[in-house]
Amino acid sequence: MATHLKNLSDFSHTTIPDGSGFKIAIVVAEWNAKITGALYQGAYNTLIKHGVKEENIISAPVPGSFELTAAAEILLTQQVGLHAVICLGCVIQGDTKHFDFICEAVANGITNVGIKHSKPVIFGVLTTNDEQQAIDRAGGKHGNKGDEAAITALKMAHFAATI
Ligand SMILES: Nc1c(NC[C@H](O)[C@H](O)[C@H](O)CO)[nH]c(=O)[nH]c1=O
Ligand SMILES: CC(=O)[C@@H](O)COP(=O)(O)O
């Protein structure tokens, strides 16, 4: 379903697990900082709203989306008791094929890290044709992908803890 058919911040129809027992990391890329800052705020506020304690949210900035994979691997290796890692970024199409390489590397990379550690690593990365599409999905008319990423982290952390 395309994003314009489902608001990224609308979860009124679903049950969200209590996050009071979870420790979650948020890795956020600094490229397109206005956008990723809004994604981060959405994710952080959503985690707090659903009971995650401030002291159990680990925030880690990285230079760009390409570095999200390495950061997730480092955090899952070095941080004891992490229940999930949320990866936030914004990749906007430029004039070259660089966009394609970054998007594929990040999607494949964080998938592999999650599988390696058997932990939820959430793909909260906007991959847009232009800046307006990113703005629309970082607290604009289509909601906030950071909210969606946080809800996904809570659901998957609950899944892993109760399966
Ligand atoms: N163009 C964008 C980038 N590029 C930087 C890469 O992510 C990476 O930091 C660099 O290639 C060095 O390894 N990053 C984004 O997050 N968004 C972009 O639009
Ligand atoms: C996604 C990117 O790396 C891209 O924004 C960089 O722009 P360009 O392809 O024009 O170098």
Side-chain angles (χ1 to χ4, degrees), residues 1-11 22-48 52 54 56-79 82-157:
M1 176 187 286
T3 297
H4 68 270
L5 298 176
K6 176 198 176 298
N7 188 285
L8 293 165
S9 302
D10 178 12
F11 290 93
F22 292 146
K23 181 179 178 183
I24 296 176
I26 307 177
V27 189
V28 54
E30 292 169 333
W31 255 79
N32 301 311
K34 280 196 304 185
I35 301 293
T36 61
L39 298 178
Y40 173 83
Q41 210 56 60
Y44 183 88
N45 292 347
T46 299
L47 292 179
I48 295 293
V52 180
E54 282 187 41
N56 287 339
I57 300 176
I58 297 168
S59 300
V62 294
S65 293
F66 188 83
E67 283 72 39
L68 292 171
T69 299
E73 169 64 23
I74 292 164
L75 283 163
L76 286 168
T77 301
Q78 296 184 8
Q79 281 290 329
L82 267 183
H83 292 91
V85 179
I86 298 169
C87 295
L88 301 174
C90 175
V91 189
I92 300 175
Q93 178 66 60
D95 300 331
T96 69
K97 293 176 66 177
H98 199 226
F99 171 90
D100 300 331
F101 289 97
I102 293 179
C103 294
E104 184 169 356
V106 176
N108 292 335
I110 71 171
T111 298
N112 293 334
V113 169
I115 291 169
K116 173 184 174 184
H117 292 274
S118 294
K119 289 288 176 74
V121 180
I122 309 305
F123 186 71
V125 181
L126 294 174
T127 56
T128 65
N129 295 314
D130 55 43
E131 188 179 31
Q132 188 57 52
Q133 286 183 340
I135 291 168
D136 292 344
R137 291 158 175 80
K141 66 181 180 181
H142 292 316
N144 190 323
K145 194 151 189 77
D147 298 357
E148 179 200 51
I151 296 294
T152 303
L154 289 167
K155 289 184 173 184
M156 290 305 293

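One-based numbering, in listed order, for ligands and for the atoms of each. Since the structure is predicted, the reported quantities are computational estimates derived from the model, not experimental observations.
When all heavy atoms of T36 and C90 are compared, the pair lying nearest together is CG2-N, 3.7 Å. I102 and F66 get closest at one heavy-atom pair: CG2-N, 4.3 Å. Residues L39 and G89 share a closest heavy-atom pair of CD1-O, 3.5 Å.
Contact annotation: for I102 versus ligand 2, heavy atoms closer than 4.0 Å belong to the side chain alone. Contacts between V91 and ligand 2 below 4.0 angstrom, taking non-hydrogen atoms only, involve the side chain exclusively.
Look at C90 and you'll find a heavy atom under 4.0 Å from some atom of ligand 1.
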Would I135 and I35 satisfy side-chain contact (heavy atoms from CB on, under 4.5 Å), going step by step from the backbone distance to the final call?
-> CA-CA 6 Å; I135 291 168; I35 301 293; 3.6 Å; yes

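Scanning all protein heavy atoms for the shortest distance to atom 6 (C) of ligand 1 gives I102 CD1, 3.7 Å. What sits closest to atom 5 (O) of ligand 2 on the protein, heavy atoms only, is I92 O, 2.9 Å. Considering only non-hydrogen protein atoms, atom 3 (O) of ligand 2 sits nearest to H98 ND1, 2.5 Å. Scanning the protein for heavy atoms near atom 12 (C) of ligand 1, the closest one is E67 OE2, 3.5 Å. Among all non-hydrogen protein atoms, the one lying nearest atom 5 (C) of ligand 1 is W31 NE1, 3.3 Å. Distance from atom 7 (O) of ligand 2 to its nearest protein heavy atom, with residue and atom name: G94 CA, 3.7 Å.
The side-chain heavy atoms of I24 and L154, taken from C-beta on, include a pair separated by under 4.5 Å. H117 places a side-chain heavy atom less than 4.5 Å from the side chain of E73. Looking at D136 and T128, their side chains never come closer than 4.5 Å, going by heavy atoms from C-beta outward. The side-chain heavy atoms of I57 and I48, taken from C-beta on, include a pair separated by under 4.5 Å.
Listed by atom number, the atoms of ligand 1 under 4.0 Å from G64 heavy atoms are 7 (O), 9 (O), 16 (O). Close approach of ligand 1 to F66 is summarised as follows: ligand atoms under 4.0 Å from at least one heavy atom of the residue are 6 (C), 7 (O), 8 (C), 13 (O). Against a heavy-atom cut-off of under 4.0 Å, N32 is close to the following atoms of ligand 1: 17 (N), 18 (C), 19 (O). The contact set between ligand 1 and I92, taken as ligand atoms under 4.0 Å from a residue heavy atom, comprises 19 (O). Close approach of ligand 2 to F99 is summarised as follows: ligand atoms under 4.0 Å from at least one heavy atom of the residue are 1 (C).
There is a side-chain donor-acceptor pair under 3.5 Å between S59 and Y40.
Between T96 and ligand 2, at least one N/O pair is under 3.5 Å apart. Taking only nitrogen or oxygen atoms, main chain and side chain alike, D95 reaches within less than 3.5 Å of ligand 2.
To the nearest 0.5 Å, atom CD1 of residue I58 and atom NZ of residue K23 are 4.5 Å apart.
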